[in-house]
Structure formats: C-alpha cells, structure tokens
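Report on one structure; see the data block that follows.
None of these values were measured; they are calculated from a predicted model. Atoms within a ligand are numbered from 1 in the order they appear, just like the ligands themselves.
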Amino acid sequence: MQFIDLKAQYQHLKSKIDKRIQAVLEHGHYIMGPEVQELEEKLAEYVGVKHAITCGNGTDALTLAMMVLDVKPGDAVFCPTFTFFATAEVIAFEGATPVFVDADESTFNICPIDLEKRIQAVIAEGTLTPKAIIAVDLFGLPANYPELEKIAKKYDLKLVEDAAQGFGGAINGQKAGGFGDIATTSFFPAKPLGCYGDGGAVFTNNDEYAELIKSYRVHGKGKDKYDNVRIGMNSRLDTIQAAVLLEKLAEFPKELIARNLAAENYENSLAGTFKTPQIPDGYLSSWAQYTLVSEDRDAAMAKYKEQGTPTMIYYGTCMHQQSAFKELGYQAGDFPVAEKLAETVFSLPMHGYLK
Ligand SMILES: *Cc1c(COP(=O)(O)O)cnc(C)c1O
C-alpha cells in the first residue's frame with residue numbers, strides 16, 4: 001500500500017497525460033510555452049481569482065509574495081509554528097523576522113486569538129514593524145479567514161494565504177487560493193494538485209501585484225527579459241509540467257470528491273479510537289493529509305505498520321523548535337498547543353484512488 005499513490009493516478013490518466021507531454025515535445029516551447037498560459041487561465045477560473053501566475057515551486061511562490069509586499073529587515077511577519085518549514089523560511093530569507101503563532105486545538109490552523117496577542121506584543125515591544133500574516137491551510141483545511149481578515153484589517157497588516165496544501169478546499173463555496181491579499185500554492189507531486197516535478201503558483205485579485213509578480217519571476221523584467229527594471233529571480237513553471245497539470249486539473253474535482261469520501265470512511269471507522277480531524281461548518285478540506293491525534297502515537301503507528309499500512313508524522317518539529325530559528329530565542333512551552341500536536345499527530349494514506 002502506498003501513502004500517496006501517484007502511480008495509480010498516472011495509470012488512470014496515462015493516455016491524456018502522454019498526449020499532452022508529446023505535444024510539448026513536438027512544439028518545443030519548453031519555457032513559457034502555450035500550455036503555461038492555458039493553465040494560468042484555468043487555475044484562475046477554478047479558484048475564482050483575477051490572476052494566477054505560475055512559478056518554479058511553492059516556496060518561490062511565497063518568496064514572490066514577500067517581494068511584492070516589500071517584506072524587509074525590521075519587519076515582523078506572523079505565521080504558524082505548526083507548519084512546513086518553507087512558510088517561515090521565506091520570511092527570514094527576506095531578512096525579516098518570523099513571529100510564530102500557536103495552533104488552534106481543534107483545526108490545527110493558526111489560532112486567531114494567539115495571533116492577536118503576538119501582534120500586540122510586537123507593537124508593545126516596539127523594535128519590529130508588523131507587516132504581514134502568512135496563514136497556512138494545514139492538511140488541506142482553509143485557515144479561519146473570516147477572523148484573520150478582521151485582524152489584518154484592524155492592525156493594517158497584509159494577509160497571505162499559503163495554500164500549498166489547501167488547493168481545492170473552500171469556506172462557504174469560496175475556494176482556497178482566493179483568500180487574503182495574495183495566495184500561493186505548490187504543485188509538488190504529493191500535494192493535492194501535483195505535477196511531475198516542482199511547480200507553484202501565486203493568486204491575486206490585485207492587478208498591480210500581478211504585474212510585479214510577472215516581472216519578479218523573470219529577472220525583474222521590464223518590457224522583456226533583457227530590460228531589467230528590478231532585482232528578481234528565475235522561477236518559471238516548465239511547459240511540460242503545465243501540460244501535466246492541465247490534465248490533472250481537469251480530473252481534480254472528481255479526485256476531491258474521492259478524497260472526501262475516503263476521509264468520511266476513515267471518520268466512520270476511527271472516530272471512536274482516535275481524535276479525528278474536525279472540519280468546521282461551511283468548510284471543505286482538500287485532505288492533503290488525514291491526520292489523527294493519539295496519546296500513544298508510537299504504539300498506534302506500530303500497529304498500522306504491522307497491518308501493512310504506511311503512516312507519516314506531519315510535523316514532529318514546530319518552527320520555533322527548528323535549529324535554523326534558534327536565534328529567535330523561543331523556549332519550550334511558548335506554544336503549548338502546537339508542541340502537543342508535534343508529539344501526538346500522525347497521518348494515514350490519503351489520495352484520490354484509495355480502495
Ligand atoms: C509544500 C509546502 C510549501 C512549499 O512548496 P514547495 O513546492 O515544496 O516549495 C510551502 N508551504 C507549505 C505549507 C507546504 O506544505
């Protein structure tokens with residue numbers, strides 16, 4: 001049994017994907033070929049935003065968002081401590097200071113109450129300029145955007161949605177990728193919508209941001225890539241990956257239903273044994289991970305292993321516990337909810353072809 005069965009998906013889509021890749025090999029526009037623009041249009045339409053701009057990976061997508069928001073040394077950017085490293089890394093990469101926030105006990109996402117406390121502490125301390133919030137749609141469940149938008153407005157902060165795991169999720173019909181000032185996603189193969197290599201995208205309704213992102217992703221280009229009007233990066237989605245994604249995106253709504261059915265089956269058989277994922281009313285998860293909480297995680301995982309079912313731990317280390325962030329000076333006990341999650345969570349296989 002596979003934790004995420006990419007081979008089963010490929011077998012299902014093989015003839016369509018092979019044809020799409022073959023078409024790219026024949027037209028030969030490997031960089032920024034027609035499939036890239038076609039995909040960007042389809043992504044924007046699916047998410048329900050004005051602009052979808054593809055790029056090299058989900059980390060670059062976040063970096064592009066930081067660049068557009070002019071995040072720089074002296075700025076504080078708030079993000080969850082219970083997330084994948086990239087969320088916090090991109091803040092520090094710009095020379096700004098990540099300020100970590102505890103998790104909500106029920107959803108595992110950034111806790112709006114703790115967020116407001118941490119913002120007030122930064123303001124009271126007076127050394128950093130509060131600039132932005134990066135919220136994460138952890139394990140596929142959109143963060144609490146109704147509350148986060150209120151807090152962003154109250155403290156005049158920009159809001160970024162890290163939807164690397166959230167693509168396909170929704171709150172009352174509004175899709176992940178459509179929240180905040182800028183949203184990002186990843187097409188890493190194991191994400192809900194993945195390609196066959198690295199890939200990512202940035203989403204926004206802001207025309208000015210969209211123009212800036214298109215410039216930053218190609219060496220800060222002006223009228224073309226030999227006219228360079230700002231310092232940018234080289235972060236484009238390969239045409240072959242766009243071709244793969246076009247076929248996967250067409251199939252994605254069906255897979256999303258299958259993932260939700262699998263989650264329902266898990267819930268029905270496991271709710272008595274473990275703490276199962278809590279999906280608030282009106283929310284839809286894309287089930288990047290199906291994550292359980294167990295007070296005796298080692299024993300639970302050993303039992304699954306015996307039965308031939310693979311399990312994984314996402315995440316065993318919070319951001320404030322990472323060596324790379326040692327200098328920020330956080331201590332054990334600073335984030336009690338997240339620290340407890342890091343000790344008790346584990347995930348079961350999840351994909352659109354589970355039997
Ligand atoms: C995977 C992931 C990223 C980074 O995406 P890459 O494409 O691997 O660079 C960022 N944030 C979160 C929450 C992720 O899960």
Side-chain angles (χ1 to χ4, degrees), residues 3-4 6 39 43 52-67 71 77-94 98 100-101 103-104 107-110 132-145 148 159-169 176-177 179-180 182-203 213 217 233-238 241-242 244-245 248 285-291 312-320 322 324-325 338 341-342 345 347 350-351:
F3 191 75
I4 296 179
L6 295 171
L39 176 68
L43 285 170
I53 302 135
T54 55
C55 62
N57 55 69
T59 307
D60 282 0
L62 283 167
T63 296
L64 286 163
M66 295 294 98
M67 290 166 91
V71 169
V77 178
F78 301 85
C79 76
T81 190
F82 193 59
T83 182
F84 178 61
F85 189 64
T87 311
E89 181 182 32
V90 297
I91 301 167
F93 192 71
E94 297 302 314
F100 299 129
V101 179
D104 176 276
T107 64
F108 309 165
N109 276 325
I110 189 168
I133 304 160
I134 306 180
V136 177
D137 302 338
L138 199 72
F139 305 148
L141 181 69
N144 187 349
Y145 292 103
L148 295 172
L159 179 58
V160 175
E161 175 189 9
D162 178 354
Q165 301 178 17
F167 191 89
F179 297 101
I182 304 181
T184 65
T185 198
S186 163
F187 303 125
F188 181 83
K191 308 282 177 173
L193 178 64
C195 57
Y196 290 158
D198 279 310
V202 187
F203 305 100
I213 293 161
R217 82 170 157 180
M233 56 205 285
N234 173 20
S235 185
R236 297 165 300 213
L237 181 73
D238 292 347
Q241 299 304 341
V244 170
L245 283 166
K248 290 227 205 173
S285 178
S286 60
W287 299 106
Q289 303 296 342
Y290 188 86
T291 302
M312 302 283 279
I313 295 173
Y314 299 113
Y315 296 95
T317 309
C318 297
M319 289 309 107
H320 70 281
Q322 294 283 4
F325 292 127
L341 288 174
V345 290
S347 304
M350 173 53 79
H351 52 84

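In terms of heavy atoms, L341 sits closest to F108 at CD2-CE2, 3.5 Å. Among all heavy-atom pairs drawn from C79 and T87, the shortest one is CB-CG2, 4.1 Å.
The environment of F93 atom CZ is sparse: at most 12 non-hydrogen atoms of other residues, nucleotides or ligands sit within 6.0 angstrom.
Ligand 1 places these atoms under 4.0 Å from at least one heavy atom of V136: 13 (C). Heavy-atom contacts of T87 reach the following atoms of ligand 1: 11 (N), 13 (C) (cutoff under 4.0 Å). Under a 4.0 Å criterion applied to the non-hydrogen atoms of Q165, ligand 1 contributes the atoms 13 (C), 14 (C), 15 (O). Ligand-side atoms of ligand 1 in range of S186: 5 (O), 6 (P), 7 (O), range being under 4.0 angstrom from any heavy atom. Contact atoms of ligand 1 toward N57: 7 (O), 9 (O) (distance under 4.0 Å to a heavy atom of the residue).
Across the listed options G58, G199, C55, G58 owns the non-hydrogen atom lying nearest to atom 6 (P) of ligand 1.
Nearest non-hydrogen protein atom to atom 13 (C) of ligand 1 is D162 OD2, 3.3 Å. Nearest protein heavy-atom neighbour of atom 9 (O) of ligand 1: T59 OG1, 2.5 Å. In terms of protein heavy-atom proximity, atom 14 (C) of ligand 1 is closest to K191 NZ, 3.0 Å.
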Show your working on side chain to side chain contact (heavy atoms under 4.5 Å, CB included) between Q289 and M350 and close with a plain yes or no. CA-CA 6 Å; Q289 303 296 342; M350 173 53 79; 5.5 Å; no

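Distance OG/S347 to CZ/F139: 5.5 Å, rounded to 0.5 Å. For the atom pair CZ (F167) and OG1 (T185), the distance works out to 6.5 Å, reported to the nearest 0.5 Å.
Relative orientation of the F100 and F325 rings is perpendicular, given thresholds of 30° and 60° on the angle between their planes.
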